Number of protein chains: 2
Amino acid sequence: MEPDISIPDVVIKRLPIYARALTAMLDAGSETVSSKELALATGSTAAQIRRDLSYFGEFGKQGKGYNIPHLLDAIRDILNINERYRVVVVGAGPLGQAIARYGGFSEHGFQLSWVYDHNPERIGTTLNDVVVEDVATMPERIRAMQVRVAIIAVPASAAQEVADTLVESGVKAILNYAPAVLRVSSDVRVYDIDPVSALQALTYYLAPAPSRLRRT
Amino acid sequence: MEPDISIPDVVIKRLPIYARALTAMLDAGSETVSSKELALATGSTAAQIRRDLSYFGEFGKQGKGYNIPHLLDAIRDILNINERYRVVVVGAGPLGQAIARYGGFSEHGFQLSWVYDHNPERIGTTLNDVVVEDVATMPERIRAMQVRVAIIAVPASAAQEVADTLVESGVKAILNYAPAVLRVSSDVRVYDIDPVSALQALTYYLAPAPSRLRRT
DNA sequence: ACGTGTGAAGTCTTTCACAGCG
DNA sequence: CGCTGTGAAAGACTTCACACGT
């Protein structure tokens with residue numbers, strides 16, 4: 001038996017984009033799609049799509065392309081998004097509130113079941129039918145409900161402590177909105193979303209090209 | 001003269017993280033930092049930091065490390081974040097409101113000066129001292145004020161149309177919160193932020209390892 | 001003839017490892 | 001001696017291009 005090869009992270013990050021495009025095509029009533037068409041819809045290339053999918057199996061038919069419902073199902077299966085997830089949100093400040101109120105998560109299988117905060121003024125308030133609870137009660141709840149996904153929406157100064165608590169309680173996937181680098185054990189995944197860093201990376205490209213070139 | 005070499009995008013995306021860590025160190029009163037220490041603070045490696053910085057010049061001193069104020073200034077200069085940017089936000093729904101109300105942009109030099117929407121019920125309302133205006137008046141304003149940075153916070157179905165309008169008006173950098181792939185001319189940069197895709201990528205890793213390996 | 005799946009090639013990115021400077 | 005800057009090597013990812021199945 002040959003050694004199994006693990007799949008590049010960058011491939012995993014593209015799968016949700018493929019799934020999104022396939023969902024739109026399914027809704028539009030299409031039956032099949034070629035790698036070329038899917039590339040056009042996702043901003044990728046045909047070769048990349050074929051390569052990406054080939055990590056997981058053979059989903060297409062030569063001369064025909066991919067059956068949309070079948071491929072979509074396969075990708076959803078690979079990403080484990082056919083399952084429904086309970087998600088805790090830590091931080092009920094403006095950002096946490098916006099996240100808790102955003103309807104988009106629920107319709108994609110992520111149930112924002114609990115919002116936690118530290119601040120007594122926020123505890124007991126309600127966001128989208130969810131009551132903000134004291135963060136002190138969080139570990140017990142996470143363990144009892146076996147929550148594996150969390151969203152951190154606290155200030156940077158509190159983020160590491162929150163992450164430690166989450167990890168200790170059994171959380172394995174963290175979506176981190178705090179502008180902080182989190183140190184977690186290697187079996188826990190962190191995905192950072194920081195709009196300020198994003199904008200700062202974007203403004204680099206606003207300079208006239210010459211200054212963006214390496215000295216020689 | 002040798003041909004200049006352009007800098008990898010992935011390097012540019014790391015610079016804001018370095019800047020953030022250096023700012024914290026500066027506030028903490030440190031004078032110098034080694035690539036090793038900076039690596040620890042940013043979740044990178046010493047070699048990578050040295051290589052990344054070497055694209056832009058020689059900022060360190062052997063045996064000593066990097067002078068924090070000097071390096072921070074250099075990075076801010078590379079990213080063009082010493083400048084202040086006017087930013088338009090398109091979409092005054094829940095997401096646009098949260099973005100407009102989030103204070104973090106302004107303190108990093110991004111001035112969310114205008115919020116636009118399509119919906120008459122939202123036009124005229126106020127978010128953080130900013131009045132929501134009719135998107136029909138947006139192109140003129142962008143051109144007049146030479147706005148180059150925009151944030152898209154509209155539903156996916158409207159995102160491409162908004163992007164087209166922005167680009168036509170002269171915007172060169174777009175932070176896209178809509179779950180849609182935007183097609184823009186090659187002199188315009190798009191940075192996508194999609195929390196649902198992020199969560200979907202994260203849940204991949206929740207499966208027991210065996211199913212995450214390539215068939216052989 | 002069309003379009004997949006994939007070796008092989010090419011390109012990009014990271015890491016190693018060390019000369020050389022302070 | 002400590003630490004940078006960087007050739008060279010290794011590794012990761014993308015693209016090419018084509019054999020093969022439909």
Side-chain angles (χ1 to χ4, degrees), chain A residues 2-15 17-18 22 25 30-68 70-72 74-75 78 201 204 212-216, chain B residues 2-15 17-18 22 25 30-68 70-72 74-75 78 201 204 212-216:
Chain A
E2 306 171 36
D4 284 334
I5 291 162
S6 86
I7 287 124
D9 286 6
V10 61
V11 173
I12 301 305
K13 287 196 185 175
R14 280 193 293 263
L15 294 184
I17 313 300
Y18 300 163
L22 289 165
M25 289 169 180
S30 309
E31 272 286 311
T32 61
V33 67
S34 67
S35 55
K36 199 171 151 193
E37 292 165 329
L38 189 52
L40 196 68
T42 58
S44 185
T45 67
Q48 180 151 85
I49 284 179
R50 293 202 302 275
R51 174 71 66 194
D52 284 356
L53 296 178
S54 79
Y55 282 109
F56 306 98
E58 307 187 4
F59 304 105
K61 286 211 186 350
Q62 285 102 326
K64 199 85 189 298
Y66 301 90
N67 175 276
I68 291 174
H70 176 241
L71 179 57
L72 179 54
I75 292 178
I78 293 162
Y204 168 78
R212 297 209 317 264
L213 300 170
R214 170 197 230 167
R215 300 162 325 103
T216 41
Chain B
E2 304 171 36
D4 285 333
I5 290 161
S6 87
I7 287 124
D9 286 6
V10 63
V11 172
I12 301 305
K13 287 197 185 175
R14 281 193 292 262
L15 294 184
I17 312 301
Y18 301 163
L22 289 166
M25 289 169 180
S30 309
E31 272 287 313
T32 61
V33 66
S34 67
S35 56
K36 199 170 151 194
E37 292 164 330
L38 189 52
L40 197 69
T42 57
S44 186
T45 67
Q48 181 154 84
I49 284 179
R50 293 202 301 276
R51 174 72 64 194
D52 283 356
L53 297 178
S54 79
Y55 282 109
F56 305 99
E58 306 187 6
F59 303 106
K61 286 211 187 346
Q62 285 103 328
K64 199 84 189 300
Y66 301 89
N67 175 276
I68 292 174
H70 176 241
L71 179 57
L72 180 54
I75 292 177
I78 293 161
Y204 168 78
R212 296 210 315 265
L213 301 170
R214 171 197 232 167
R215 300 164 322 105
T216 41

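Predicted model, so just to flag it, every value in this text is computed and none were measured. Numbered from 1 within each chain, the chains take letters A, B, ... in sequence-line order.
Considering only residues two or more places apart in sequence or on other chains, B:S35 meets the side-chain contact (heavy atoms from CB on, under 4.5 Å) condition with B:A46, B:I49, B:R50, B:Y66. Take A:D9 and apply the side-chain hydrogen bond (donor to acceptor under 3.5 Å, both in side chains) test, not counting sequence neighbours, and it matches A:R189, B:Y205. Checked against side-chain contact (heavy atoms from CB on, under 4.5 Å), A:A41 has the following partners two or more places apart in sequence or in another chain: A:A21, A:M25. Scanning for side-chain contact (heavy atoms from CB on, under 4.5 Å) contacts around A:K61 gives A:K64, with sequence neighbours left out. In terms of the side-chain contact (heavy atoms from CB on, under 4.5 Å) criterion, residue partners of B:Q48 (sequence neighbours excluded) are, by chain and number, B:R14, B:Y18, B:S44, B:T45, B:D52.
Nucleotide D:dG21 holds its C1' atom 18 Å from the CZ atom of A:F59, rounded to whole Å. Summarising the geometry, the separation between CD1 on B:I49 and P on D:dT6 is reported as 16 Å, rounded to the nearest angstrom. Counting to the nearest Å, the C1' atom of C:dG7 and the CD atom of A:E58 are 14 Å from each other. The interatomic distance linking A:L71 (CG) with C:dG3 (P) rounds to 16 Å, in whole Å. When the P atom of D:dC3 is taken as reference, atom CG of B:N67 falls 16 Å away, rounded to whole Å.
Remark: A:S34 is not in phosphate contact with C:dG3, judged by side-chain N or O atoms under 4.0 Å from OP1 or OP2.
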Per-nucleotide protein contact string for nucleotides 14-22 of chain C, where B marks a base within reach and S marks sugar-phosphate only (heavy atoms under 4.0 Å, - for neither): SB-B--BBS
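Mapped onto DNA chain C by nearest heavy atom, B:D9 and A:K36 fall at different nucleotides, with A:K36 at the one closer to the 5' end.
The two residues A:L53 and A:F59 have their closest heavy-atom pair at O-CE1, 3.5 Å.
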